[in-house]
Amino acid sequence: MKPKTPFPLQIHNCIHGGRVVGERGLSLPLEGWSGLQAWPHGQWEKMIRHTFPTPTNSPLVLVPGGNPITFHVEFHLQNQKNQPFLFRLIDLTKPSKKKQLNMAQGQLPTYDIVIFGASGFTGKYVVREALKFLDSPNSPLKTLALAGRNSSKLSETLKWASTSHPAVPFLIADTSDPLSLRRMALQTRLVLNCVGPFRLYGNPVVSACVDAGCDYLDICGEPEFMERMEAFYHEKAVEKGSLVISACGFDSIPAELGLMFNSRNWVSPAVPNRVEAYLSLESDKRIVGNFGTFESAVLGVANADKLAELRLSRPKRSRPPIPGPAPQRGSTIEHQKKIGLWAVKLPSADAIVVRRTLSILTNNPSGLEGVFEDPKQAEKRAAFWSTIKPAHFGVKIATKNLLGLLGFFPVGLSIGLLGMFSFGRWLLLKFPSFFTLGGFRKSGPTEEEVASASFKMWFVGHGFSDSNLVSEGSAKPDTEIITRIMGPEIGYLTTPIILVQCALIILKQRGDLPKGGVFPPGIVFGPTDLQDRLQENGISFDLISKSDIST
């Protein structure tokens with residue numbers, strides 16, 4: 001459909017610092033601004049650029065596309081000190097009687113973050129974590145809303161999460177109601193999606209966010225969902241300026257940052273060949289997982305063929321050059337003496353997500369350009385990625401004794417066998433505690449079980465002390481570097497910490513991040529201060545040892 005006649009957007013008297021809703025008028029402080037850029041959001045059709053200095057009464061002409069009800073466009077600005085600011089304008093045209101939205105939507109309040117699924121098992125812990133940073137000193141989180149199907153449950157969540165009962169508004173939204181999701185996405189800069197399994201409920205949320213041009217983070221650990229969202233929405237998300245990033249929880253930030261941390265300890269001319277991660281879950285009480293995680297695993301087994309079909313239909317990903325031979329297949333059970341653990345391969349999303357990041361890095365050796373980054377930031381980004389050396393990567397679940405490890409086998413067999421047919425899946429989801437020996441239950445863990453749990457994730461890297469050794473065909477890795485990440489319980493404590501810190505980075509550093517697209521977390525957050533932020537919030541990164549293993 002052809003654009004309507006352009007109309008002038010008058011730049012005049014100023015209100016600093018936030019989102020503006022008005023009658024075709026944007027109020028901004030123009031003194032000191034060096035540039036203005038507006039890219040398509042919602043129904044906007046084309047990129048518009050406008051460069052200052054110009055007289056303050058000079059109009060900026062924007063061309064609306066089609067026959068939208070709501071014009072939705074973001075302005076990313078940068079002053080002479082290269083400090084990015086974000087503004088958003090919502091403008092209204094005459095409503096169509098056939099549209100379900102009306103002009104009242106233009107007057108809806110707007111928020112920095114909306115937590116969708118806030119009353120769920122994980123969502124309520126995300127709310128509690130986010131409230132720590134709401135309107136606190138130096139925090140970019142000034143406004144927050146909770147979204148879900150039931151306002152009374154949202155109210156209960158807020159009371160549980162905060163004794164002070166802050167005035168946080170509720171939005172009613174449901175994955176079965178696209179209009180409610182669209183309305184939610186239009187009211188925020190960023191949606192944190194905590195509603196899983198994502199293969200069942202995630203697609204309409206991503207679609208709404210991309211259409212509205214807002215950013216999206218989730219805590220998904222489901223490879224098929226992540227890769228399908230990339231296939232469906234990447235190009236549109238780039239066009240709309242919407243960042244869509246899954247796996248922003250324990251799946252798979254510790255794996256991504258952990259590999260990068262280990263890699264950066266291989267100082268040239270040393271190079272890694274492979275890094276194996278060993279995940280050890282610890283607790284004084286029983287370790288109990290989220291039922292949603294268990295359901296996702298069961299459905300993942302049931303839909304494994306769909307993931308294979310999706311990959312066959314997509315172009316093959318670039319493979320990074322890794323020095324030395326590919327690691328040989330080892331024994332099913334490994335005794336890793338250096339860290340005192342018994343381990344077996346863990347079929348998780350971590351290795352898949354890491355490979356996606358390394359593939360993107362192969363095609364973009366300096367990382368992804370920020371939408372409004374200055375030359376200094378671009379240099380910093382390139383310098384960071386120059387220290388990251390690709391390696392073969394895998395993940396194993398580990399315990400301190402062999403007997404503890406053997407308990408994983410009946411659970412894995414139950415999911416692997418029963419998950420292949422419908423009645424078996426019904427049994428698994430009906431009686432999760434029975435088939436997982438108490439490892440998962442529908443009620444989830446108690447608060448005491450959550451508080452007592454913790455994790456350690458060891459990264460054991462093998463490589464070469466000198467990259468020149470790789471040219472010798474018979475050369476074997478002669479160096480070992482061991483690093484470690486430690487933190488609190490993975491599903492309800494570590495995951496909210498990670499998700500909220502990722503969100504704060506997006507709010508504060510949006511101009512340094514890609515304009516839009518569907519990405520794994522590592523390629524976006526790797527060069528940011530995410531590791532430092534996690535360390536400040538109870539998740540530690542440690543270098544354990546460097547040793548010669550040539551003898």
Side-chain angles (χ1 to χ4, degrees), residues 116-117 120 122 175-176 181 191 193-210 216-237 242-253 255-256 289-319 345-360 393-395 412 414-422 424-426 428-429 432 440 491 495 499 517-524:
F116 181 53
T122 305
T175 57
S176 64
L181 297 177
V191 169
N193 186 12
C194 303
V195 180
F198 291 87
R199 73 171 65 251
L200 300 180
Y201 307 114
N203 190 351
V205 186
V206 174
S207 178
C209 290
V210 171
Y216 167 98
L217 302 180
D218 69 35
I219 52 176
C220 173
E222 305 167 35
E224 185 202 347
F225 171 79
M226 291 185 272
E227 295 184 34
R228 197 170 294 280
M229 293 305 97
E230 180 185 28
F232 284 1
Y233 295 110
H234 177 73
E235 292 183 3
K236 187 175 182 181
S242 172
L243 262 182
V244 176
I245 311 172
S246 289
C248 293
F250 187 78
D251 289 326
S252 292
I253 295 286
E256 293 246 71
N290 186 334
F291 175 73
T293 302
F294 176 72
E295 186 178 10
S296 297
V298 172
L299 295 177
V301 171
N303 293 277
D305 58 333
K306 293 183 179 180
L307 177 57
E309 290 174 6
L310 175 64
R311 289 174 175 170
L312 287 174
S313 69
R314 301 273 291 158
K316 288 188 176 181
R317 297 186 188 276
S318 301
R319 293 188 176 184
K345 184 178 179 180
L346 178 65
S348 74
D350 287 345
I352 295 170
V353 172
V354 164
R355 285 196 291 269
R356 286 178 62 203
T357 288
L358 292 179
S359 176
I360 296 172
F393 181 72
V395 183
S414 296
I415 296 174
L417 295 176
L418 295 177
M420 297 176 66
F421 55 95
S422 59
R425 292 191 292 274
W426 180 85
L428 288 169
L429 298 179
F440 293 91
T495 286
L499 180 63
V518 181
F519 298 108
I523 196 67
V524 175

Please identify each residue that fulfils salt bridge (charged side-chain N to carboxylate O under 4.0 Å, His left out) with Lys236, with sequence neighbours left out.
Asp211
Presence of salt bridge, Glu224 and Lys306, under 4.0 angstrom:
no
Return yes when atom OH of Tyr201 has more than 12 non-hydrogen atoms of other residues, nucleotides or ligands closer than 6.0 Å, and no otherwise.
no
Got a sec, which residues hit salt bridge (charged side-chain N to carboxylate O under 4.0 Å, His left out) with Arg319, two or more places apart in sequence or on another chain?
none
Just by distance, do the side chain of Asp218 and the backbone of Cys248 share a donor-acceptor pair under 3.5 Å?
no
Minimum-distance pair of heavy atoms, taken over all atoms of Val353 and Met226:
CG2-CE, 3.8 Å
Which atom of Ile245 lies closest to which atom of Pro521, heavy atoms considered:
CG2-CA, 3.6 Å
Return yes if some donor-acceptor pair links the side-chain N/O of Ser359 with the main-chain N/O of Ser318 below 3.5 Å, else return no.
yes
In chain order, what residues pass the side-chain contact (heavy atoms from CB on, under 4.5 Å) check against Ala302, with sequence neighbours excluded?
Arg425
Solution key, residues 293-300 side-chain donor-acceptor pairs under 3.5 Å, sequence neighbours excluded:
unit_1, atom_1, unit_2, atom_2, d
Ser296, OG, Glu222, OE2, 3.0
Ser296, OG, Gly292, O, 2.9

For Thr122, check side-chain contact (heavy atoms from CB on, under 4.5 Å) against everything at least two apart and list the hits.
Val126, Ile219, Asn290, Tyr492, Thr495
Determine, step by step, whether Val210 and Tyr216 satisfy the side chain to side chain contact (heavy atoms under 4.5 Å, CB included) criterion, reporting the C-alpha distance in whole Å, the side-chain angles of both residues, the deciding distance to 0.1 Å, and the verdict.
CA-CA 8 Å; Val210 171; Tyr216 167 98; over 6 Å; no
Please name all residues satisfying salt bridge (charged side-chain N to carboxylate O under 4.0 Å, His left out) with Arg314, sequence neighbours left out, ordered by chain then number.
none
Let me see the working for Val244 and Cys209 under side chain to side chain contact (heavy atoms under 4.5 Å, CB included), right down to the final yes or no.
CA-CA 8 Å; Val244 176; Cys209 290; 5.7 Å; no
Could you label the plane-to-plane angle of the His234 and Phe519 rings as parallel, tilted or perpendicular, counting under 30° as parallel and over 60° as perpendicular?
perpendicular
